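Numbering starts at 1 and runs along the sequence shown. In each ligand, atom 1 is the first atom listed, and ligand 1 is the first ligand listed. Treat the numbers as computed from the prediction; the structure is a model and nothing was measured. Reckoned from all heavy atoms, side chains included, excluding hydrogens, waters and symmetry mates.
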Amino acid sequence: MKRLSLAAALALATIPIAGAQAQATYPDRQISMIVPFAAGGPTDIIARIVGEHMGKTLGQSIIVENVAGAGGTTGITRAAQSRPDGYTIMMGHMGTHGAAPALYPNIKYDPAKDFTPIGLAAGTPILIVTKKAFPAKTLKEFVDYVKANGTKVNEAHAGVGSVSHTSCTLLHSIIGTKTARVTYRGTGPALNDLVGGQVDYGCDQIVNLVSQINAGNITALAIATPERSPALPNVPTTKEAGLPDYQVSAWNAVFAPKTLPADVTAKLVGALDKALDDEGTRKRLLELGSVIPDKAGRSPAALQKLVESEVARWTPVLKAAMAAEQAAGEKK
Ligand code: ASP
């Protein structure tokens, strides 16, 4: 008994010291950033750009791990359940941390409670884009065309609850239409098929669209923000194109599992902040059309607030839109 309690006392005495040492040397090995979509999409691209610079600051590489499926909720669930030691972080977005809870009744994480917010990485305006050979060339023509052709038209999206899925769901709830929906593991592969002409259109984050639009491989009908994007000055806003009610912007942000130690959190927050101040990183993000958050907008507290307001914003909109979509499908 006496020996046991001595051992227990020794163990108790050493645990906090070991923990403190581990954190003081954080990070002493590479960090994994889970991207819940396929490589080559907006979330992946932003994670790689921002992660590269964060890794330099931290003195360890940040390796992107693509864990796709279920609109991003598969990867985020895995990341949320990993050890809160700073070696597994994730790039979430408006879908995984705003829209998904409305659409997955059995989702295993609460966006507002199960994460340590690190900070917003980029704002990403949404565009409506079509394949090059699509018959409609303006947003007005698009609306008429989908009204006339319904489910003969195919939308490419990154899974239920993803940004692309959510943004097109909102579009159709505004114009009162329903098209066929094709699921991809991310909008990187979806964009490949849009360029190849296998699918008709999508509503996605600006980031990987700019170069394909400028090369004339796909057509941008409108950008759903109040102002045009400096990265795409020739693309009209939805207001200019005749659909002013369609306003939607997404975002990508870095999160860690909940209960991340404060000093590890501070190192990650500092590294993200530095990355977003770095000229080279900023240039790459801006060229892709991202909107870089200001100092206040990139704080963990601002991200926590954003998550809470996005869940509150999207839940009623998506529940109503999905019910209407189902009713429209049942009528046919
Ligand atoms: N843009 C994506 C979405 O629609 C996913 C991705 O980044 O590939 O949610």
What atoms of ligand 1 come closer than 4.0 angstrom to any heavy atom of [X]?
| X | value |
| --- | --- |
| D204 | 1 (N), 2 (C), 4 (O) |
| A158 | 3 (C), 4 (O), 5 (C) |
| G186 | 8 (O) |
| S162 | 3 (C), 4 (O), 9 (O) |

**Item:** ligand 1 to V163 polar contact by distance, N or O atoms, under 3.5 Å
**Value:** yes
**Asked** Is T43 in polar range of ligand 1, meaning some N or O pair under 3.5 Å apart?
**Response**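 Looking only at distances, the answer is yes, because the N/O contact criterion of under 3.5 Å is met.
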**Message:** Can you confirm if the NZ or CZ of R185 lies within 45° of the ring axis of F37 and under 6.0 Å from the centre of its six-membered ring?
**Reply:** no
**atom 6 (C) of ligand 1 [closest protein heavy-atom partner, distance rounded to 0.1 Å]** = T187 OG1, 3.4 Å
**Asked** Starting from atom 4 (O) of ligand 1, which protein heavy atom do you reach first, and at what distance in Å?
**Response**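 The protein heavy atom lying closest is S164 OG, 2.5 Å.
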**Message:** Please verify the inter-ring angle class for F115 with Y109; under 30° counts as parallel, over 60° as perpendicular, anything in between as tilted.
**Reply:** perpendicular
**Item:** Residue pairs involving residues 211-236 (criterion side chain to side chain donor-acceptor pair (under 3.5 Å); sequence neighbours excluded)
**Value:**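 Listed by first then second residue: Q212-N217, R228-E240.
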**Prompt:** With ring centroids as reference points, do F255 and H97 lie under 6.0 angstrom apart?
**Reply:**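 They qualify: ring centres under 6.0 Å apart.
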**Output field: ring centroids F134/Y145 closer than 6.0 Å** = yes
**Asked** How many angstroms lie between CD in Q205 and OG1 in T43, if you round to the nearest 0.5 Å?
**Response**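 It comes to 5.0 Å.
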**Prompt:** CD of E65 to CD1 of I31: how many Å apart, nearest 0.5 Å?
**Reply:**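 Rounded to the nearest 0.5 Å, the CD-CD1 separation comes to 13.5 Å.
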**Request:** Decide whether the shortest distance between a heavy atom of G95 and an atom of ligand 1 is less than 4.0 Å.
**Result:**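 Under 4.0 Å: no for G95.
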**Asked** To which of H93, Q205, M91 does the heavy atom nearest atom 1 (N) of ligand 1 belong?
**Response**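 The option holding the nearest heavy atom is Q205.
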